[in-house]
Amino acid sequence: MWMAHDFIQPKSSSGKRREDLGAEYFNVLLSRSFFQAVKKGSKTQCSMHDLIHDLAVSVAADVHGTVRRVSTTDIHLKKFGNHAKLRSFVLQGPLSPSTSCLQNEIGNASSLRVLDLSCFDLTELPKTIGNLKHLRYLSLSGTLQRLPESICMLRRLESLHVVGKCSLDKLPDGTSMLVNLRHLNIATRYLAEVSSIGQLVNLQGSLEFHVKKLKGHNLGELGSINSLHGQLKIKGLNNVARKEDACKASLSNKCNLRVLSLEWASASRTLGLCADSEILENLQPHSSIKEIIINRYLGAKSPSWLELPLLKELQSLHLTNCRSLDLLPPLGLLPSLKLLHMKELCTVSRIGYEFYGTNEVAFPALRVLVLDDFPSLLEWSEELRSKSFPCLKKLKVVHCPNLSELPMFPCSVTELTMENTRLIPYLRLGPFSSSKLESLTLDIRTNNLLGMELFHQHHLESVVVLNMEASKQFLMAEGMRFFTSLQRLQLNHSDLTDQNLSSLIQALPSLPSLELMNLPNIVSLLVPAETNLCTTLTELKICSCPLLSSLASLDSFISLKCLVIEKCPKITAASFPKSFSTLRSLKLLSVSYCTELQSLPSGGLPTSLEALHLFGCHPKLTEVIRTTTNISLEHLCTVPKIAGCTTSAQVDIKYSMMAILANWIIEMHQKYLTLRHRTNF
């Protein structure tokens, strides 16, 4: 708006855009408290200072005869004097007046430079908009469904904004006649359909361009549009007939462009007269480009400008569906590259020294590396001549089914994902929590991870949660000594035997939490009394161990506070040690779906118990709790929480009966529904 009123007049020698100079003006006014910053969540907004606002109200008390700039909720311009002299009209709303009303009001405001109707819910704009020959700034509502061709007569228009979700079918055919247009705030897909867009040489923002075999849609149209500051997306590069056309796009002259996206049509197409490699070679961007995206490129080699360290400011590179590219360029030479995402590179069989380049430090700034869907990749070898990935934080290697060789994971990595590779079927490494980034959690499914020597020792020493699904060959006792910070260990879907498990537990460092899940070969829990685990373990969960029948070593865990046993069908009262009641620290005991458990442990329950959960066990267990008068039942009366019914310290046996009654009611209700269905009652 300031530009539309000529408030910004750059010096010819400064070389600054009016937009940049205007931003400097704004910051000066902000520093002098003309505006004041207001924090709203993660965003900072600026409002007029109260004193400045009061001054403006005072000055505007009686200016109707000379008013030039109006911001109002009233569509009737005649209230503000001679509206033919108005320079700025901002309509505040929301309002829904008729198109004819608007036509009558603005049709004669021929001196307008700024017109903001973004709060005016129109479906079409009156044709008289073309009469506003001096208009430079126009803001409209996204409810508009069409723009009149007369809008293309606004030859001085610099800014056209469509606020909200745009409902337009298309831009007018003569849009390219708006030769002074600098800012077109609309979804870039609308620009893609504009013919002869090369006439809009002053465009500053982002642009989407579709190459077509039609006049006004060849790459040469981009040659003179060198002021773009956002993203340039070029689609349909398969329609480029000659490499000379690619040269005419003059991408190397667009020094302010931040993002360049180059896209061909289907990757299964046949190559045309001009090969993809020739086209891409002549689409070299300016060295200041920050992000490059290349989709469906069918060339067998990368362009030379990507093989040399010319793009010194490039921060992100995406290579997607480049199915014929068989050798990766030396991307390790790019000094500012922070993100590298490569997907569906179907013919790459090896990643070696050529990927790293010849510098002493390869990928010096890279933080995120993704390799996704490399079906032919067999080997990723380590480059010994250089230091690699000193800043890498996130590494993702997925859907590389033939990959059998990997370099050691970089020391700096804190997030690691591997899925569907021959070497490692599944692996996830990540921060334990957002507040403890130095602590890691590791989830693995492999047979010999430690033997591969992929992790640095500090990785293993930082793991606090370890979930393992592996065979007994991997779970060697000596491998566990590296996990010095381990707080929770989960063993899942493993063929461990009793002896393997006993050896593993003996080798564990001090460990507060242990989960044994889906271990089909475990028969008994055997733990030597002198192991570290006996004094440090506070939580033990055993789930889905179908052969487990003995918990003989349970009383060795003298610090145990929480014991959960689920879906272990051979667990009975005799499975518990006779001295089970001596576990003075036990607070919670939960036994569920152990169908052979018919009574409580014969030795009684620990006096420290605060909560007892019994669910889905043998029906006799319910009867025993209801009828027995032995010491087990007497002790139940002192447990503050039984089956989750109450937390009161004064518990009567009726509270345990509430759980039994609730289960009985559910059973009866299910039987009633079944009977009703059968009898149509």
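Here the structure is a predicted model, which means the values were calculated and not measured.
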Check whether [X] reaches the backbone of [Y] with its side chain - one donor and one acceptor, N or O, closer than 3.5 Å.
X    : Y    : result
N521 : D495 : yes
T347 : L325 : yes
N402 : P375 : yes
T572 : A574 : yes
H459 : L454 : no
S349 : L378 : no
S502 : D498 : no
S485 : V463 : no
H618 : K620 : yes

Can you list the residues that meet the ring-ring contact (aromatic ring centres under 6.0 Å, His included) rule with [X], with sequence neighbours excluded?
X    : value
F374 : none
H341 : H318
F557 : none

Determine which pairs satisfy salt bridge (Lys or Arg N to Asp or Glu O under 4.0 Å) with at least one residue from residues 575-603, sequence neighbours left out, and list them in order. K587-E610
By side-chain contact (heavy atoms from CB on, under 4.5 Å), which residues pair with [X], not counting sequence neighbours?
X    : value
T536 : S510, L533
I558 : T535
V259 : Q231, E291, I293
K301 : none

Please state whether the rings of H458 and H456 are parallel, tilted or perpendicular, taking 30° and 60° as the class boundaries. tilted
With under 30° as parallel and over 60° as perpendicular, where do the rings of F389 and W380 fit, or are they tilted in between? perpendicular
Can you name the salt bridge (charged side-chain N to carboxylate O under 4.0 Å, His left out) partners of [X], sequence neighbours left out?
X    : answer
E313 : K290
E405 : none
R422 : none

Shortest non-hydrogen separation from L525 to L548 and the atoms involved: N-CD1, 4.1 Å
Does any pair with a residue in residues 543-560 pass side chain to side chain donor-acceptor pair (under 3.5 Å), and if so which ones, sequence neighbours excluded? D555-S579
